[in-house]
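Reading through the C-alpha cells given below for one structure.
One-based numbering along the sequence shown. Remember, it's a predicted structure, so these values are computed and weren't measured experimentally.
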Amino acid sequence: MTDTSSTGQARGEATAPRRRALYRLMRYLPLVAPVLLWAVPCWVLLYTGQHWPLPVTAGGTALFVLGLVAMPLGMARGHGRRQQDAAAVLGDTLLGVSWVLFTWSVLLGVLLRPALAVAGVGDGQDRARTVAWAVLGVSAALLAWGYAEARRVPRVRRLDVRLPRLGAGLDGLRVVLVTDTHYGPLDRARWSARVCETVNALDADLVCHTGDIADGTAARRRAQAAPLGTVRATHARVYVTGNHEYYSEAQGWVDLMDKLGWEPLRNRHLLLERGGDTLVVAGVDDVTAESSGLPGHRAHLAGALDGADPGLPVLLLAHQPAFVDRAAAAGVDLQLSGHTHGGQIWPFHYLVRLDQPALAGLSHHGARTVLYTSRGTGFWGPPFRVFAPSEITLLVLRSGN
C-alpha cells in the first residue's frame, strides 16, 4: 500500500500541474501521434543501415504508409458518427500494433544496437538487421500474448481490506468488483456470460460495477450486456456510470442496468446490514457527467451521502481514482474505482499516472480512506493487454476489531 495520509491536499496540488500538462499534450496528440507511431518503426526497421533489397524497403514502406492512413480513418469511421464496427476493429487493432512496434523500436534501437557494438558483434549492417529482427520478433510475441490476455476470462484477484470503522457483524463481507467491461465492436456475448459465471462462483454479498460498461449505446450492445442480469449477490448489485457511458447515451445504460436488476447509485446510497452492523454503500456519477449536458447527471458526493449516519463506514463507487481527493475529504472509508486499465499496453501506464493518482491496487489517502483501483475486466480499443492483466476482484472486508 502507498500511504499518503498526511499529504492529501498537497498531493492534489502537486497532481494538478501534471494534469494540465497532460491536457495540453492531448490537444496535439491526435495530429502528432499517428505519424510518430508509424514513422519511428519504419525508420528503425528499414532505414538505419539494414541495406535491405529494394523490394523489401519499398514494400515495407508501403505497409507503414498504409497503416498510417488506415488507422485514423478506421478509428474515425468506427468511433465517430458512422459507428461502423468493422472499421473500429481495424483502427483499434492497428493502434495496438503501432504502439507495440513503436515502443520496442525505440527501446531496442536505443539499447540493443549499442550493446551489440560494444560486444563487437558483426558490422553496422549486421547490427541494424539484428535490431530489426529483434523488434519484429518481440512485437509479434507480445501482440500474440496480449491478444490472448485481452480475450480470456479474467483471473480472480482476492485480497482482504481492513476498515477500522467496520463493525464486527460485517467482518468477512465479500465484495466483488467488475468494471470497464467495454462491450464493443468485437462481439463478446459469450465472454460476458463466462465472466458472470465466474462472479457467481464467488458467493458475493455485494457485486459492484464501476462503469464503462460498453463502447456504444445500450441498444447496440444490449446482447453483450444481457448476461449481467444473471449475476447473483446476497445483498445487492450496484452500478455507477463511467466516462464512456457519456459518449453513448448514458441514461440508456442506467435504464438498462436497472432492468437487469442492478441498482444504479446515481449520487445516492443504500444501507447494507448484517450481524447488527451497517455499511453505507454510495455511488456517484462519473466526473465527466456534468459536461455531457444530460439533465441531472453530475458527480455529487454530498448528495450521495445525504441522510447517512456520519458514524457509519462508507463504501463509495466512483469510476475514476481521481475522485479520491473528494472522498478522502468527506471521510469515506473505501473507494472502488476502475478507469485506468492498469495501463492496458505497457508502457502506457506512465501516461495514465499523469492523470490519475493510482494505477492499480490498494492505496491510502487522507486520514482513513482506502482506494482500490481495478485494472478492469475487459479492454478498451486495441484488443491487447500487455503487462496489465484484466481482473475480477474479490475484496473481503475486515473489521477493525
Side-chain angles (χ1 to χ4, degrees), residues 1-2 4 11-12 14-16 18-23 25-26 29 92 95-96 99-100 103 146 149-150 154-157 159 161 175-184 195 208-215 239-247 283-289 299 316-328 332 334-365 369-393 395:
M1 295 186 185
T2 302
T4 60
R11 183 180 52 75
T15 303
R18 291 191 299 167
R19 291 182 186 161
R20 288 196 294 269
L22 178 63
Y23 296 148
L25 175 64
M26 293 298 289
L29 205 58
D92 292 344
L95 174 61
W99 175 255
V100 172
T103 297
E149 280 285 295
R155 301 177 185 91
V156 176
R157 186 177 186 187
L159 66 158
V161 180
V175 179
V176 171
L177 173 59
V178 175
T179 185
D180 299 275
T181 42
H182 283 285
Y183 303 124
V195 166
C208 309
H209 195 306
T210 53
D212 279 8
I213 297 176
D215 297 304
Y239 155 74
V240 294
T241 56
N243 57 304
H244 278 249
E245 275 85 330
Y246 292 98
Y247 308 148
V284 292
D285 291 339
D286 184 62
V287 293
T288 60
L316 174 70
L317 276 61
H319 177 65
Q320 299 195 36
F323 197 80
V324 75
D325 288 343
R326 291 182 238 183
V332 166
L334 173 62
Q335 175 178 317
L336 302 182
S337 299
H339 186 65
T340 69
H341 298 207
Q344 188 164 319
I345 304 178
W346 185 89
F348 195 76
H349 69 285
Y350 289 113
L351 294 179
V352 175
R353 285 306 304 266
L354 291 174
D355 185 52
Q356 298 293 329
L359 184 72
L362 285 170
S363 54
H364 277 184
H365 304 262
T369 301
V370 179
L371 167 67
Y372 184 79
T373 306
S374 169
R375 290 188 298 253
T377 308
F379 61 85
W380 172 84
F384 308 104
R385 274 187 171 269
V386 178
F387 305 136
S390 56
E391 66 179 76
I392 296 167
T393 317
L395 301 104

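Scanning for side-chain hydrogen bond (donor to acceptor under 3.5 Å, both in side chains) contacts around T393 gives E391, with sequence neighbours left out. Shown here are the side-chain hydrogen bond (donor to acceptor under 3.5 Å, both in side chains) partners of R326, two or more places apart in sequence or in another chain: there are none. Evaluation of the side-chain hydrogen bond (donor to acceptor under 3.5 Å, both in side chains) rule for T181 yields H209 as partners, not counting sequence neighbours. Not counting sequence neighbours, the partners of D286 by the side-chain contact (heavy atoms from CB on, under 4.5 Å) test are T241, N243, Y246, T288, H319, Q320.
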Does the side chain to side chain contact (heavy atoms under 4.5 Å, CB included) test come out yes or no for L159 and L362, once each step is laid out? CA-CA 10 Å; L159 66 158; L362 285 170; 3.3 Å; yes
Given the rule in the side chain to side chain contact (heavy atoms under 4.5 Å, CB included) test, do S337 and L371 qualify, once you have shown the distances and angles that lead to the verdict? CA-CA 8 Å; S337 299; L371 167 67; 3.8 Å; yes
Please determine whether side chain to side chain contact (heavy atoms under 4.5 Å, CB included) holds for the pair V161 and Y372, giving the CA-CA distance in whole Å, both sets of side-chain angles, and the decisive distance to 0.1 Å. CA-CA 9 Å; V161 180; Y372 184 79; 5.9 Å; no
Do any side-chain atoms of residues 380-387 form donor-acceptor pairs under 3.5 angstrom with protein atoms, and if so which ones, sequence neighbours left out?
| residue | atom | partner | partner atom | Å |
| --- | --- | --- | --- | --- |
| R385 | NE | G378 | O | 3.0 |
| R385 | NH1 | H341 | O | 3.2 |
| R385 | NH1 | R375 | O | 3.4 |
| R385 | NH1 | A388 | O | 2.5 |
| R385 | NH2 | R375 | O | 2.7 |
| R385 | NH2 | G378 | O | 2.8 |

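Defined by atom type and a distance below 3.5 Å, a donor-acceptor pair is present between the side-chain atoms of H365 and S363.
Side-chain N or O atoms of E245 include one that pairs as donor or acceptor with a backbone N or O of D212 at under 3.5 Å. A donor-acceptor pair under 3.5 Å is absent between the side-chain atoms of T373 and the main chain of G338, judged by distance alone. Distance alone, capped at 3.5 Å, places no donor-acceptor pair between the T377 side chain and the D180 backbone.
Taking the side chain as every heavy atom from C-beta outward, Y239 and T210 never approach each other to under 4.5 Å. Counting heavy atoms from C-beta outward, I392 and V195 have side chains that approach closer than 4.5 Å.
Among residues at least two apart or in separate chains, there is no salt bridge (Lys or Arg N to Asp or Glu O under 4.0 Å) pair with a member in residues 340-352.
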